[in-house]
Amino acid sequence: MIPKFQDVDVKEFFMGMKERNVAGTTEQLQQAHVIIAGAGGLGSNIAIALTRSGVGHLTIIDFDTIEMSNLNRQQYKVSQIGLPKVTALKQNLLEFNPFIEIDTVQTKITSENIAELFADADIICEAFDNPTAKAMLLEGATKHYPDKPLVMGNGMAGLHLTNEIQTKQPLPNVYICGDGYSKGMEGLMAPRVMVCAGHEANAILRLLTNQPVLSE
């Protein structure tokens, strides 16, 4: 018999998580608040990784709805087509971790609302498809919140070599994951998108547990 949410014991759930998580990280992650800008291929995969790892509070911001073309790389189901991405993603995340706090904001991020939307973040996570939107968030986040870490993605398209996706730190509080050259017009497929999302999620987890993102 499949257990329902109301049958899951909170203590038992987190004890199970602690058994498999890296020692000493669970309590730190439970206190953290990560705000994810975008709920597409990058954002949905990052959100799942952070949820499964036990990050206690996520805010997910996206204006879009799910369409058929999203399903080749984004973590949605056919039954969710037509739903707002933030609504569907929250549904899915709560299946993995029913005790996480998830806020959703269905809006388009602009240079005018960045200061308001990201005020409460411990870490800002960029997960856009559009290069112009990426640049806008980079400019706005570093202007309004220069002390908040910003984790970004840049270059995960095509079927290029997986090992070309890396994490770099071009600015003191900015981390960029990707190959740095591939463009979305090549086509976006699940494997490289998920690898880049994994780099972003791992960078976030290292930051939240006070570990250096890059080797010295």
Side-chain angles (χ1 to χ4, degrees), residues 17 20-26 28-29 32 34-55 58 60 62 69-76 85 89 92-93 96-97 121-139 141-142 148-216:
M17 181 174 286
R20 300 302 299 173
N21 269 3
V22 173
T25 62
T26 299
Q28 286 177 292
L29 296 177
V34 177
I35 300 184
I36 303 174
L42 282 177
S44 61
N45 280 288
I46 292 166
I48 287 174
L50 298 181
T51 297
R52 288 189 183 279
S53 299
V55 172
L58 295 180
I60 303 163
D62 197 294
S69 64
N70 300 147
L71 300 185
N72 79 320
R73 67 199 184 280
Q74 301 181 20
Q75 293 295 339
Y76 302 109
K85 289 183 179 179
L89 187 54
N92 296 341
L93 296 176
F96 304 134
N97 181 350
D122 294 320
I123 295 179
I124 300 170
C125 176
E126 178 274 319
F128 291 141
D129 291 334
N130 187 301
T132 303
K134 290 175 184 289
M136 178 267 297
L137 183 57
L138 173 61
E139 180 181 357
T142 53
K148 289 183 191 285
L150 170 63
V151 179
M152 307 183 69
N154 181 33
M156 74 265 350
L159 286 172
H160 304 284
L161 294 173
T162 304
N163 288 349
E164 292 178 348
I165 294 176
Q166 300 178 1
T167 302
K168 298 182 179 180
Q169 186 179 0
L171 295 168
N173 274 319
V174 177
Y175 304 87
I176 299 182
C177 308
D179 60 34
Y181 68 85
S182 63
K183 308 294 183 186
M185 64 186 69
E186 297 180 54
L188 292 159
M189 297 176 70
R192 290 189 102 234
V193 171
M194 292 174 72
V195 170
C196 187
H199 272 259
E200 288 199 59
N202 197 57
I204 290 167
L205 293 178
R206 288 184 67 84
L207 287 164
L208 291 175
T209 55
N210 301 310
Q211 301 181 64
V213 173
L214 303 179
S215 57
E216 299 297 333

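What you see is a predicted model; the values in this text were computed from it and never measured.
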Between [X] and [Y], what is the shortest heavy-atom contact and its length?
X: Leu150; Y: Ala141; result: CD2-CB, 4.1 Å
X: Gly54; Y: Asn97; result: CA-ND2, 4.2 Å
X: Ala127; Y: Ile36; result: CB-CG2, 4.2 Å
X: Ala47; Y: Leu89; result: CB-CD2, 4.0 Å
X: Asn45; Y: Ala197; result: CB-CB, 3.6 Å
X: Val55; Y: Ala32; result: CG1-O, 3.9 Å

Going by the rule side chain to side chain contact (heavy atoms under 4.5 Å, CB included), which residues pair with Thr142 if we only count those two or more places apart in sequence or in a different chain?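 Here the qualifying residues are Leu138, Val174.
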
Given the rule in the side-chain contact (heavy atoms from CB on, under 4.5 Å) test, do Ile48 and Arg52 qualify, once you have shown the distances and angles that lead to the verdict? CA-CA 6 Å; Ile48 287 174; Arg52 288 189 183 279; 3.7 Å; yes

Flag the pair [X] / [Y] as yes when at least one side-chain heavy-atom distance between them is below 4.5 Å, and no otherwise.
X: Ile35; Y: Ile124; value: no
X: Leu50; Y: Leu205; value: yes
X: Asn210; Y: Gln28; value: yes
X: Phe128; Y: Met152; value: no
X: Leu93; Y: Ile60; value: yes
X: Val151; Y: Ile123; value: yes

Given the rule in the side-chain contact (heavy atoms from CB on, under 4.5 Å) test, do His199 and Met156 qualify, once you have shown the distances and angles that lead to the verdict? CA-CA 11 Å; His199 272 259; Met156 74 265 350; over 6 Å; no

Whether [X] side chain and [Y] backbone form a donor-acceptor pair below 3.5 Å:
X: Glu200; Y: Asn202; answer: no
X: Arg73; Y: Pro191; answer: no
X: Lys134; Y: Gly153; answer: yes
X: Asn70; Y: Tyr76; answer: no
X: Asp62; Y: Ala39; answer: yes

How far does [atom1] of [X] sit from [atom2] of [Y], to the nearest 0.5 angstrom?
X: Leu214; Y: Tyr175; atom1: CG; atom2: OH; answer: 7.0 Å
X: Arg192; Y: Leu161; atom1: CZ; atom2: CG; answer: 7.5 Å
X: Thr51; Y: Asn92; atom1: OG1; atom2: CG; answer: 10.0 Å
X: Cys177; Y: Lys168; atom1: SG; atom2: NZ; answer: 11.0 Å
X: Leu42; Y: Asp129; atom1: CG; atom2: CG; answer: 7.0 Å
X: Ile46; Y: Cys125; atom1: CD1; atom2: SG; answer: 3.5 Å

side-chain contact (heavy atoms from CB on, under 4.5 Å) between Thr162 and Val195, worked out: CA-CA 7 Å; Thr162 304; Val195 170; 3.8 Å; yes

More than 12 heavy atoms of other groups within 6.0 Å of [X] [atom1]:
X: Met189; atom1: CE; result: no
X: Asn130; atom1: CG; result: yes
X: Glu139; atom1: CD; result: no

Kindly indicate, with the supporting measurements, whether the criterion side-chain contact (heavy atoms from CB on, under 4.5 Å) is fulfilled by Gln74 and Lys85. CA-CA 10 Å; Gln74 301 181 20; Lys85 289 183 179 179; 3.1 Å; yes

